[in-house]
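Reviewing the structure listed below.
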Amino acid sequence: MEYDRMRIRLGISFRGCCCVGALTVVLVPRLACAALGEPESGIAGDVQHLKGSIKSTARSNYRVHEIQLPSGTVLREFATAGGNVFAVAWSGPAIPDLRQALGRYFDVYMTAARAKQGGRRQLQIEQSEFVMQSSGHMRAFSGRAYLPQALPPGTSLDEIR
């Protein structure tokens with residue numbers, strides 16, 4: 001009898017913790033980030049969230065913010081002169097937090113990844129507003145995602161890597 005009461009009490013506590021955890025995720029505002037299609041002003045939030053270090057470079061018609069992650073992976077965020085992130089690319093031994101990098105396009109990625117049949121080494125998504133290519137194997141991953149309509153004039157797709 002004592003065991004049943006303790007089990008019920010633990011069950012309620014566990015459910016209560018799950019509810020509090022779920023509410024925290026939903027109600028606590030997400031750390032500012034410079035996800036694909038978002039303003040680059042959140043890149044400092046990306047560096048903090050990903051626990052990385054940053055190096056920024058200006059090109060003729062865009063800026064590249066290279067974030068070195070503790071895992072050894074490099075995440076690059078490409079921003080237009082107007083300040084919006086038009087592409088992200090990554091390479092290294094681990095896949096970065098794609099929810100953070102892809103932002104509102106993460107659900108498109110997840111839907112395509114779930115629908116993919118066969119091997120998991122390559123993924124290609126081509127839509128009019130969003131393109132993503134990802135490939136790799138253990139300790140060697142790379143990929144890129146970009147918004148075709150947001151590419152600055154004169155920017156080659158070969159530059160997004």
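These numbers come from the heavy atoms of this one structure, side chains and all, not from hydrogens, waters or symmetry mates.
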Is any side-chain heavy atom of [X] less than 4.5 Å from a side-chain heavy atom of [Y]?
X    : Y    : result
V88  : L98  : no
M132 : F130 : yes
V108 : Q127 : yes
S135 : S142 : yes
T155 : P153 : no
L36  : L147 : yes

Rounded at 0.5 Å granularity, tell me how far [atom1] in [X] sits from [atom2] in [Y].
X    : Y    : atom1 : atom2 : answer
K55  : I67  : NZ    : CD1   : 13.0 Å
Y105 : R99  : OH    : CZ    : 16.0 Å
R59  : R63  : CZ    : CZ    : 12.5 Å
I95  : L75  : CD1   : CG    : 12.5 Å
S134 : I125 : OG    : CD1   : 8.5 Å
R144 : S91  : CZ    : OG    : 12.5 Å

Should [X] and [Y] be regarded as members of a common hydrophobic cluster, given that ILVMFWY residues are connected when their side-chain heavy atoms come within less than 4.5 Å of each other, either directly or indirectly?
X    : Y    : value
Y146 : F106 : no
F141 : L123 : yes
V64  : V47  : no

* To do: Check the side chains of Q68 and E66 for a donor-acceptor pair under 3.5 angstrom, ignoring hydrogens and angles.
  => no

If we ignore hydrogens and angles and just use 3.5 Å, is the side chain of [X] paired with the main-chain N or O of [Y] as donor and acceptor?
X    : Y   : answer
T73  : L69 : no
N84  : A79 : no
Q100 : D97 : no
R139 : A94 : no

For the student: nearest non-hydrogen atoms of [X] and [Y], plus distance:
X    : Y   : value
A150 : T80 : O-CG2, 3.8 Å
A89  : F78 : CB-CE1, 4.0 Å
A145 : W90 : N-CZ3, 4.3 Å
P93  : S71 : CG-O, 3.1 Å

* Asked: Where do Q122 and Q133 land on the side chain to side chain contact (heavy atoms under 4.5 Å, CB included) test, with the steps shown first?
  -> CA-CA 7 Å; Q122 293 186 355; Q133 299 145 347; over 6 Å; no

* In this structure, which one of R76, E77, E40 forms a side chain to side chain donor-acceptor pair (under 3.5 Å) with H65? -> E40

* Asked: Can you check whether Y62 and F86 have ring centres sitting under 6.0 Å from each other?
  -> yes

* Greater than 12 external heavy atoms within 6.0 Å of R161's CZ -> no

